[in-house]
Engineer: 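Quick one: the structure is below, and I'll ask about it shortly.
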Protein chains: 2
Amino acid sequence: MTGDPHDEHLEPVYESLRKRGHRITAQREIILQIFREQPHGTHLSAEELYSNLLGRGSTVSLATTYRTLKLLSTLGLLRELDFAEGHKHYELKQDKVPHQHIICISCNTTIEFEDHFLEEAGQKIGARYNFEVIDAQFKIFGTCPACKASPPTGRTMRHNKNP
Amino acid sequence: MTGDPHDEHLEPVYESLRKRGHRITAQREIILQIFREQPHGTHLSAEELYSNLLGRGSTVSLATTYRTLKLLSTLGLLRELDFAEGHKHYELKQDKVPHQHIICISCNTTIEFEDHFLEEAGQKIGARYNFEVIDAQFKIFGTCPACKASPPTGRTMRHNKNP
DNA sequence: ATTCGTGCAAAATCTTTGCATTCGA
DNA sequence: TCGAATGCAAAGATTTTGCACGAAT
């Protein structure tokens, strides 16, 4: 994209780390790399990221995976998303317009959409309360067309867990 | 408020339960009762609700507490809120304008605000995708004025857990 | 009478942490 | 060098579940 791949450490992402006294380790680099490779809008859970890491031969531990996700989220480099599934998801925070989510509480399907107004609203409202805004998330929970048509089962519904 | 307290079972809340074949049990009643008694905007975690139950002599089990919270959320009677603290919070869904939240990722303080536009936006966007909207949540994560001024510690920050 | 809901306790998930070692600045 | 970061394994926290009994319709 920018040309020289060795400019990496000059990227704002690494600046954010350095600025606050955090070190740039191989583990943090590869984790950020994985997020960069994801199609825009992809959100990974800690386990998914960990599997991806193992898949490419990395020896990053699960503990470090969690620690890194938390750190990067705190720094505002990742968005921490919660779809009420019992675990969190993370995605790289782009400079572009962030997207928001619609989540089906029956099948967990998520649909993404962009909305400039919501972004601005987050900034404005945060400013109103003197908050330093890291991320604004708009989430719509409901039932998707498919699940409206055919409920999971006739009886007590259940979220998809281990299919 | 309305007059006759025995109209309870005619309330829309109970209608929602019956309508879908769910029974009205003493456990569900007392849990709903507790939520009704909370000041508007209060959000309880499962454990907080459970403590409240025990406090008033109820013998509702923690398992039922969880099951009821999930059921009532699915029915749209409660809002399930996630402030990235590792556990969820619930609040009674009022007919009034729902409020949204600003959360400090450092001290976990939450501030509430209302915004008519956001409510409408949730409905409209959901409709655009043919979703049956149960709840729309706008959350702003950031650092509150106090924490901006005095970071928790000089070193690695940590969320408040068991003070 | 049925069928759903509950309680109990065990289990499953997800995440965090203490400590010794390793590594980045 | 020297504190920050990591790996490992164990612990913690939160939520779910199987089963037998009790309750609501």
Side-chain angles (χ1 to χ4, degrees), chain A residues 8-9 14-15 17-32 44-51 53-54 58-75 80-90 108 153-162, chain B residues 9 14-15 17-32 44-51 53-54 58-75 80-90 108 153-163:
Chain A
E8 266 193 2
H9 284 202
Y14 293 101
E15 272 307 295
L17 280 171
R18 280 223 194 69
K19 209 182 318 177
R20 309 214 199 174
H22 297 292
R23 295 174 179 174
I24 297 175
T25 65
Q27 291 86 339
R28 288 171 183 171
E29 285 190 297
I30 189 174
I31 286 176
L32 279 165
L44 304 173
S45 66
E47 285 291 352
E48 286 167 342
L49 171 59
Y50 184 57
S51 298
L53 284 163
L54 295 183
S58 167
T59 59
V60 177
S61 70
L62 184 57
T64 294
T65 300
Y66 273 105
R67 283 190 276 233
T68 303
L69 287 172
K70 175 161 282 186
L71 173 66
L72 298 181
S73 297
T74 301
L75 295 180
E80 188 178 70
L81 303 167
D82 211 303
F83 300 136
E85 290 178 79
H87 58 265
K88 298 183 176 64
H89 285 263
Y90 300 82
N108 286 332
T153 322
R155 50 193 69 259
T156 308
M157 66 191 64
R158 176 158 302 166
H159 285 243
N160 294 336
K161 269 302 163 59
N162 299 316
Chain B
H9 284 201
Y14 294 101
E15 272 306 295
L17 280 171
R18 281 223 192 71
K19 208 183 319 180
R20 309 214 198 176
H22 298 292
R23 294 174 179 172
I24 298 175
T25 64
Q27 291 87 339
R28 289 172 182 170
E29 286 190 298
I30 190 174
I31 286 176
L32 279 165
L44 305 173
S45 65
E47 285 292 351
E48 286 167 341
L49 171 58
Y50 184 57
S51 297
L53 284 163
L54 296 184
S58 168
T59 59
V60 177
S61 69
L62 184 56
T64 292
T65 300
Y66 274 104
R67 284 190 276 235
T68 302
L69 287 172
K70 174 160 283 186
L71 173 67
L72 298 180
S73 298
T74 300
L75 295 180
E80 187 179 70
L81 303 167
D82 210 305
F83 301 136
E85 291 179 77
H87 58 264
K88 298 182 176 66
H89 285 262
Y90 300 82
N108 286 332
T153 322
R155 51 191 68 260
T156 308
M157 66 192 64
R158 177 159 304 167
H159 285 243
N160 293 337
K161 268 303 163 57
N162 299 316

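A, B, ... follow the sequence lines: proteins, then strands. Residue 1 opens every chain. Just the heavy atoms: all of them, side chains too, but no hydrogens, waters or symmetry mates, feed the values below. None of these values were measured; they are calculated from a predicted model.
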Engineer: side-chain hydrogen bond (donor to acceptor under 3.5 Å, both in side chains) with B/Thr68: which residues, sequence neighbours excluded?
Structural biologist: none

Engineer: Could you pull out all residues at least two apart from A/Glu48 that satisfy side-chain hydrogen bond (donor to acceptor under 3.5 Å, both in side chains)?
Structural biologist: A/Ser45

Engineer: So how far off straight is the helix from C/dA1-D/dT25 to C/dA25-D/dT1, going by the axes through five pairs at either end, to 10°?
Structural biologist: 50°

Engineer: Applying side-chain contact (heavy atoms from CB on, under 4.5 Å), can you list everything that pairs with B/Leu54, at least two apart in sequence or on another chain?
Structural biologist: B/Tyr50

Engineer: Is the side chain of B/Thr64 donor-acceptor paired with the backbone N or O of B/Val60 at a distance under 3.5 Å, no angle test?
Structural biologist: no

Engineer: From C-beta outward on A/Arg67, which listed nucleotide comes closest to its side chain: C/dT15, D/dT16, D/dC8?
Structural biologist: D/dC8

Engineer: So do the side chains of B/Ile24 and B/Arg18 get within less than 4.5 Å of each other, counting heavy atoms only?
Structural biologist: yes

Engineer: Taking side-chain hydrogen bond (donor to acceptor under 3.5 Å, both in side chains) as the definition, give me every residue that meets it alongside B/Ser51, ordered by chain and number, with sequence neighbours left out.
Structural biologist: none

Engineer: My understanding is that only residues two or more places apart in sequence, or in another chain, count here; which of them pass side-chain contact (heavy atoms from CB on, under 4.5 Å) with A/Ala26?
Structural biologist: none

Engineer: Starting from P on C/dC14, measure out to CD on B/Glu85 and report it in whole angstrom.
Structural biologist: 19 Å

Engineer: So, OP1 or OP2 of D/dG7: does either fall under 4.0 Å of a side-chain N or O from A/Thr64?
Structural biologist: yes

Engineer: Applying side-chain contact (heavy atoms from CB on, under 4.5 Å), can you list everything that pairs with B/Ser73, at least two apart in sequence or on another chain?
Structural biologist: B/Leu78, B/Glu80, B/Tyr90

Engineer: Mind checking what makes side-chain contact (heavy atoms from CB on, under 4.5 Å) contact with A/Thr25, not counting sequence neighbours?
Structural biologist: A/Arg23, A/Gln27, A/Arg28

Engineer: Classify A/Thr59 by what it touches in the nucleic acid, base, sugar-phosphate, or nothing, heavy-atom distance under 4.0 Å.
Structural biologist: sugar-phosphate

Engineer: Check whether any side-chain N or O of A/Gln27 sits under 4.0 Å from OP1 or OP2 of D/dG7, and answer yes or no.
Structural biologist: yes

Engineer: Could you walk me through whether A/Lys88 and A/Leu81 pass the side-chain contact (heavy atoms from CB on, under 4.5 Å) check?
Structural biologist: CA-CA 6 Å; A/Lys88 298 183 176 64; A/Leu81 303 167; over 6 Å; no

Engineer: Under 4.0 Å, counting only non-hydrogen atoms across every strand here, what does A/Glu47 touch: a base, just sugar-phosphate, or nothing?
Structural biologist: nothing

Engineer: I'd like a table of atom pairs between the protein and nucleotides 20-25 of chain C - only N or O on both sides, under 3.5 Å - with the distance next to each one.
Structural biologist:
unit_1: C/dG24; atom_1: N2; unit_2: A/Arg23; atom_2: NH2; d: 3.0
unit_1: C/dA25; atom_1: OP1; unit_2: A/Ile24; atom_2: N; d: 3.4

Engineer: Specify the separation, in whole Å, of atom OH of B/Tyr66 and atom P of D/dA13.
Structural biologist: 12 Å

Engineer: In whole angstrom, give the distance that lies between atom NE2 of A/His87 and atom C1' of D/dT15.
Structural biologist: 14 Å

Engineer: Taking only N and O in the side chain of B/Arg28, is any of them less than 4.0 Å away from OP1 or OP2 of D/dA24?
Structural biologist: no

Engineer: Over how many whole Å does the gap from A/Tyr50 atom OH to C/dT15 atom C1' extend?
Structural biologist: 14 Å

Engineer: Rounded off to whole Å, could you give me the CG-to-C1' distance for the A/Leu62 and D/dG7 pair?
Structural biologist: 11 Å

Engineer: Should B/Lys70 be listed as having a side-chain N or O under 4.0 Å from OP1 or OP2 of D/dT16?
Structural biologist: yes

Engineer: Separation of B/Asp82 atom CG from D/dT14 atom C1', in whole Å?
Structural biologist: 12 Å

Engineer: C/dG7 P sits how many Å from B/Leu53 CG, rounded?
Structural biologist: 10 Å

Engineer: Please give, in whole Å, the distance from D/dT6 C1' to A/Glu29 CD?
Structural biologist: 15 Å

Engineer: Nearest heavy atom decides the nucleotide; on that basis, is B/Ala63 or B/Leu71 closer to the 5' end of DNA chain C?
Structural biologist: B/Leu71

